Amino acid sequence: MGSGQVEATALAALGGVLLRGVQASDLEWMGNVPALKAGITQLGNADELAAEHHRVMDREVFPYESVFRSDDALMGGLHREALVPWYARIGLPVPPEPDHLGAEIILYAAFIEAEEEGLDPSIRTRFAAAHLATWAPAALFAIRKQGGPLMPAVCDLVLELLSDVLDSSAVPEDLLEDPLASNKTGLGDLATALLRPSNSGWFLSRGDIQALSSASDHPCGFGARKQMLHNWLVTAVQHEQVDQAMDAVDGLLAEWNAHANLLNAGGLRSRLVLPKRISAALRAGAGAKEASA
Amino acid sequence: MSLSSQLTALLGAMVNRGARPHPADLLAAKGSGPTNDAGVRPPTFSEVASEPSKRTTVVHPDGRLSQYPPPDKWHDHVEWDGKAWPRKVARRYTLVPTICFNCESGCGLLAYVDKQTFEIRKFEGNPVHPGSRGRNCAKGPATHNQIYDPERILYPLKRVGKRGEGKWKRVGWEDAMDDIAEKMRASREKRRDGIMYHVGRPGEDHYTNRIIQSWGTDSHNSHTNICSAAARVGYWMMAGFDRPSPDYANAQTILLISAHLETGHYFNPHAQRIMEAMNKGAQLITFDPRLSNTAAKSDVWLPTWPGSEGVVLLAIANHLIQNDLYNKDFVERWVNWKDTLKHFDAGKTFADFDQWLKETYAEFTPERAAKESQVPIERIHQACEQVARAGTRLSTHNWRAASIGNKGGWQITRCLFALNVLTGSVGPPGGTSANSWNKFKPKPYRTPPAFNVWNELHMPHEWPFAHFEMSFLLPHFVEEGRGDIDVYFTRVYNPMWINPDGFMWLKLLQDEEKMKFHVALTPTWNESAWFADYVLPMGHSGERHDVMSQETHAGQWIGFRQPVRRVAMERAGKPVKFSYEANPGEVWEENEFWVELTWRFDKDGSLGIRQWVESAKNPGEPITQDEYWAWIFENSVPGLPAAAEAEGLVPLQYMKKYGCYEVVKDHYVPYEQDIVGTVKSGLVHDADGKVVGVKAGKDQKIGFNTPSRKIEWFSATLHDWGWSEKEYSIPWDLKSHVHPDNIDISKGEMLLLPNFRLPTLIHTRSANAKWLYEISHNNPVWINPIDAKRLQMRQGDLVRVETEIGWFVDKIWITEGIKPGVVAMSHHLGRWRLKEDQGVSRGASSLAKLEEDGDGGHHLNILKGAGPWESSDPDTSRIWWKNVGVHQNLTHAVQPDPVSGAHCWLQKAINVRKALPNERYGDVYVDTKKSMAHYKKWLGYARSAVDHSPNGDRRPFWLKRPLKPVKEAYKLPEKPWGRDK
């Protein structure tokens with residue numbers, strides 16, 4: 001087996017874990033990788049492994065290209081449909097969720113394998129540039145940030161295997177309309193913008209919002225992510241502690257920027273400008289209010 | 001270890017790895033086969049270049065006009081997309097008929113399925129359906145909400161961690177079925193009463209029961225004892241059927257005991273026929289302490305004190321009797337008056353019976369009725385006159401209201417039916433028939449033999465007349481040590497929420513020693529499923545096969561429920577093996593699931609079970625839905641093969657095309673059918689000696705399904721099994737547990753009426769229908785201004801209502817539409833979930849916490865109400881309501897009627913007062929020690945078969961059970977439970 005094929009096999013295996021969790025057939029190879037073995041041991045049994053996968057991949061992060069790239073951050077639509085021909089190109093059946101992160105990694109690995117049999121390598125490169133590399137850096141980091149005994153190690157290995165590819169995403173895409181451009185923008189609109197990865201670069205899970213809330217000591221309440229983030233911003237403003245809240249945002253942003261820099265992921269980095277600008281604008285607004293008082 | 005070392009280890013592991021999975025297999029692992037976007041994103045539809053199809057105009061019997069696509073064009077129907085207006089965008093659909101699943105009426109629906117995307121655009125009425133005639137209530141079209149609910153359960157889930165912890169993993173159907181079948185087999189090899197199938201909404205007419213019977217276990221459990229049991233006992237003891245089928249459309253007078261049925265449940269087919277009759281001049285009388293929609297439209301509204309209905313009905317009967325206004329010909333021909341006279345030693349001739357009636361019922365005067373019911377006497381007189389004027393055209397109904405509310409409610413049903421008997425309106429045009437005369441049930445394909453076992457948890461000896469299983473007492477029976485359950489299936493059933501005394505259910509569902517394994521078959525999340533071991537997603541009405549019929553009018557029809565996407569795909573040449581391949585995610589249907597599960601239950605056939613789900617066409621293979629229904633439609637539905645042939649179709653094709661077939665029209669007085677046989681003691685016997693009819697005058701007729709084949713005014717069965725007093729053996733008024741004598745308003749006591757229905761909701765299954773929840777989503781306490789003033793309360797105040805086992809806090813709604821002394825709350829509402837983002841829909845439930853004090857005290861507190869949330873459906877972000885009701889059923893003490901076994905829903909509120917500042921909306925508290933004490937008190941009212949059985953049996957054999965065991969199983973055990981010391 002050539003080195004490309006070995007890497008492809010590893011990527012496909014890791015993609016499978018991201019897609020549908022750890023299966024019995026994965027235990028043997030995962031047991032040979034210390035970080036993965038530790039995670040499996042800590043979780044203990046197949047049920048706990050499945051529950052952990054469900055927690056991270058179904059409830060905290062929505063790892064679909066359509067969520068990360070569409071204007072409305074919803075699943076399905078054009079971004080999903082655009083994946084269909086890529087599967088057909090090497091004769092793979094189109095899976096029910098073609099834009100799932102795990103599925104795209106498996107497809108990428110399949111391209112590598114097919115190159116052994118003569119497939120033009122530029123196809124893989126074009127696929128990566130058009131799809132995987134545009135959103136995988138953010139998705140993998142978002143998953144990593146949800147913690148747990150296993151998924152961070154899986155993400156690290158995938159990032160390592162894809163590091164060359166993700167570098168190629170340096171070209172920023174068109175940014176969405178700037179929410180700060182309008183003087184009618186309210187805290188609800190800012191919360192919406194911060195929750196759209198296509199707008200803000202990052203992905204905030206419910207757990208991330210709770211972490212912001214804990215860091216700044218302002219409650220975020222229950223509910224939808226938008227509602228929680230909005231609650232949190234409103235409380236910080238009402239308590240006149242915007243700086244405290246924005247310190248938490250900036251702290252989180254620093255982690256994301258470090259990740260983007262490490263990968264040299266230009267697309268992600270260009271979007272992360274928006275949270276920074278929102279943070280600065282809120283600080284400035286609060287400062288102006290204080291000065292006028 | 002560094003990341004590079006980890007990577008090296010990973011690559012090393014790959015080199016040493018054996019067979020590598022193909023990418024296609026890896027990709028398929030998360031689900032395979034056709035699917036759609038229901039539950040994930042809104043449906044999409046294709047655009048075609050075409051003009052809309054023509055529609056046909058239908059004139060309804062009440063004069064209204066509707067337009068429908070003609071059936072011969074259903075396979076290819078084009079219409080403009082209303083949402084695209086003002087642009088003219090054409091969509092092309094294939095129209096697939098199915099049957100609504102949101103109540104038991106079985107109305108016809110027509111699914112508009114996009115011909116390219118196979119997404120469902122909408123559900124409208126099926127114009128060729130004989131019961132609903134193209135019309136639907138709000139619940140029918142809302143099926144679309146249920147299918148595209150963004151929070152629906154799309155895949156089988158298996159519990160991880162402790163029960164109720166809320167940790168689930170997705171599993172495949174194969175793995176789930178193997179696991180469940182293994183546990184069923186282990187139970188079956190040990191005993192025949194360890195598997196329990198507990199059904200809430202059956203929604204079909206034999207298929208599942210046939211499967212359950214094939215297991216050879218006593219497994220069927222129902223919800224009937226919190227629903228219709230008391231009415232069933234009343235009708236059954238008198239005439240051998242278990243519910244009425246009024247011919248409203250042709251009635252002169254319509255008498256309804258509460259508006260429960262006609263504005264709340266089966267109401268579409270009935271309501272349209274009531275309106276039709278009223279347009280022709282019929283009079284409507286409604287007994288209801290609440291000003292319901294129906295009461296508001298009635299000619300005579302009698303806001304009776306709950307439980308007094310029997311006195312009023314007997315006053316009407318007495319009016320007919322004393323004034324010789326009753327139909328003596330009918331009574332002489334069809335009532336067992338000779339047996340009645342003999343028992344009361346009151347003579348031998350019909351004139352003697354007439355005299356006996358006059359003397360016996362003389363005490364039921366209009367004055368007494370007015371006093372006990374607290375209704376003006378003029379209205380009692382009006383009701384008497386209207387009933388007398390109706391003659392044989394008196395349509396009456398009493399289903400779940402007064403009968404299920406009161407101790408002795410089954411007698412209210414007998415008193416009501418007595419009016420049909422006295423007017424001779426049993427079965428003629430405009431009268432009241434039996435459900436069994438107007439509901440068509442096909443003979444099943446190969447019936448498995450009856451089982452020889454009696455499950456003590458279903459029908460204990462204390463209630464020999466129970467109709468049917470004493471299901472709501474299951475936790476109390478288990479608590480007493482009467483038994484345990486190996487495998488428990490709940491099917492479209494939410495016992496912890498719907499039953500009274502829900503914290504006792506919570507205790508049972510959490511007890512892994514007594515409730516060893518719980519599989520919830522459900523189309524949507526519910527409070528009980530949260531405590532299951534498996535949650536298996538089952539389809540809504542457009543996602544499953546069933547046959548269904550209902551007694552909607554004087555005729556018989558059969559409807560065919562279909563998985564509409566599957567049918568549309570098959571029409572397009574895309575074959576589907578199992579319905580979950582065409583349904584959203586992996587949502588399945590019970591029919592195919594039961595076959596596959598039963599096959600695994602008896603893999604090698606050694607238990608003798610597998611044969612009942614084996615294909616006749618392909619021996620060794622499980623039977624398919626097409627094969628099963630093809631047999632039923634070819635062999636078990638009279639007239640259908642000929643009707644199909646006339647259109648060049650086979651019967652299955654006909655039913656797939658139209659979704660229904662009218663078997664009999666204008667079906668009246670079937671008991672008058674002639675019968676040939678040998679007459680002995682007035683009964684007609686066939687060649688085998690079986691009683692098949694009765695002598696009626698000089699004729700031999702089929703008669704009724706009672707031991708005497710006549711209408712039993714005097715019931716020998718009740719008399720012989722321990723209920724020998726007159727007030728039980730003949731139609732009489734029984735004093736309810738909520739009689740005014742038992743409610744002391746001066747002490748703060750009131751009557752809690754907790755069971756009226758809203759026409760737009762569906763028990764606990766509306767929570768995934770956004771349109772329905774927008775219409776009605778909370779259940780305030782109705783209170784009369786007189787009571788509000790006494791309690792110094794204002795509109796919208798919080799009230800604390802204390803029952804005999806606990807209390808709850810809700811808002812009040814002050815209205816003259818409820819009788820003074822009574823507080824009322826609607827059914828359905830007060831749903832809750834324990835996790836923010838999983839469980840019952842966030843737009844329909846409150847986030848709640850449960851706590852117990854370790855000494856029987858249980859609290860439920862609402863953390864926050866409903867609200868908007870992000871999902872694939874933009875409408876969920878537009879949820880504007882917060883209060884979604886209070887879960888009052890938790891605080892209801894169980895009250896099993898000693899005769900019918902029905903839970904008597906009306907509660908004595910021992911204190912009603914304004915809430916204190918620390919008592920919040922939705923707070924609930926229950927002391928389960930009081931629950932058990934209250935249960936024991938009512939258990940004490942029962943008369944056990946052990947003490948009263950005349951023949952050593954547990955139950956009269958002629959009474960109905962959903963699945964009857966062999967006669968041998970009816971023998972009382974040597975050591976009945978509780979008598980073995």
Side-chain angles (χ1 to χ4, degrees), chain A residues 1 3 6-7 9-10 12-16 19-21 23 25 28-36 46-51 53-55 58-59 73-77 87 90 92-93 95-97 100 102-103 106-107 109-110 113 153 156-157 160-161 195 206 221-227, chain B residues 1 3-37 40-42 44 157-161 165 167-171 585 835-838 842 847 863-864 867-874 876-877:
Chain A
M1 202 177 345
S3 64
V6 174
E7 286 192 12
T9 310
L14 293 166
L19 182 64
R20 79 285 192 260
Q23 306 294 299
S25 56
E28 189 184 339
W29 68 263
M30 291 180 82
N32 290 323
V33 184
L36 302 181
D47 283 349
E48 291 293 340
L49 283 164
H53 181 266
H54 186 62
R55 178 185 77 81
D58 292 338
R59 309 222 68 82
L74 293 178
M75 286 171 69
Y87 287 91
I90 51 171
L92 282 177
E97 293 168 347
H100 190 283
I106 292 167
L107 176 60
E113 293 245 25
D156 284 344
L157 289 167
E160 194 65 18
L161 284 166
L195 289 170
R206 201 170 268 109
F222 307 95
R225 290 186 298 139
K226 183 186 166 189
Q227 193 180 336
Chain B
M1 194 183 262
L3 184 56
S4 61
S5 310
Q6 300 285 354
L7 188 61
T8 307
L10 172 65
L11 298 177
M14 290 300 124
V15 172
N16 296 326
R17 200 176 177 194
R20 289 173 298 143
H22 189 273
D25 296 332
L26 281 171
L27 290 167
K30 199 169 164 69
S32 60
T35 182
N36 64 24
D37 286 323
V40 178
R41 66 171 177 159
T44 50
L157 297 174
K158 184 181 182 183
R159 169 174 68 91
V160 176
E165 198 178 327
K167 283 168 80 175
W168 304 93
K169 73 170 183 178
R170 180 175 150 185
V171 293
K835 250 191 176 179
E836 169 58 21
D837 59 346
Q838 203 172 19
R842 280 172 267 184
L847 182 66
L863 300 176
K864 75 169 187 124
W869 82 100
E870 294 169 278
S871 76
S872 58
D873 179 358
T876 64
S877 64

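Because the structure is a prediction, the values reported are computed rather than measured. Values below: every heavy atom of this structure, side chains too, minus hydrogens, waters and symmetry copies. Chain naming here is simple, since letters A, B, ... match the order of the sequence lines and numbering starts at 1 in each.
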Completion exercise
Bottom line for A:L107: the part with an atom under 4.5 Å from chain B's heavy atoms is neither
Practice task
Output the distance between atom OG1 (A:T9) and atom CG (B:L10), rounded to the nearest 0.5 Å.
Solution key: 9.5 Å
Problem - chain A contact via B:S4 - which portion, at a heavy-atom distance below 4.5 Å - result: neither
Practice task
Kindly compute the distance separating NE2 (B:H22) from CG (A:L92), expressed to the nearest 0.5 Å.
Solution key: 6.0 Å
Fill in the blank from the handout: Assert top hit (heavy-atom pairs under 4.5 Å, partner chain B, pool A:R225, A:E7, A:M30, A:R55) equals A:R225
Practice task
With a 4.5 Å cut-off on heavy-atom pairs, point out which of A:A109, A:A50, A:A13 contacts chain B the most.
Solution key: A:A50
Practice task
State the CG-CD distance between A:L14 and A:E160, to the nearest 0.5 angstrom.
Solution key: 12.0 Å
Fill in the blank from the handout: To the nearest 0.5 Å, atom CD of B:E836 lies from atom NZ of B:K864 at 4.0 Å
Problem - Distance, nearest 0.5 Å, that separates NZ of B:K169 from CG of B:L157 - result: 11.0 Å
Completion exercise
From the list B:L3, B:D837, B:T876, B:T8, the residue making the most non-hydrogen contacts under 4.5 Å with chain A is B:D837
Completion exercise
Honestly, the part of B:E870 sitting under 4.5 Å from a heavy atom of chain A is both
Problem - When A:L74, A:L49, A:L195 are compared by non-hydrogen pairs under 4.5 Å with chain B, the top option - result: A:L74
Problem - Separation of A:R59 CZ from B:K835 NZ (nearest 0.5 Å) - result: 7.0 Å
Problem - Salt bridge flag under 4.0 Å for residues B:K167 and A:E48 - result: yes
Fill in the blank from the handout: If you tally heavy-atom pairs under 4.5 Å between each of A:L161, A:I106, A:L36 and chain B, the highest tally belongs to A:I106
Practice task
Look at A:A51, A:S25, A:G16 and state which one has the largest set of heavy-atom pairs under 4.5 Å with chain B.
Solution key: A:A51
Exercise for the section: With a 4.5 Å cut-off on heavy-atom pairs, point out which of A:A46, A:A110, A:P34 contacts chain B the most. Expected result: A:P34
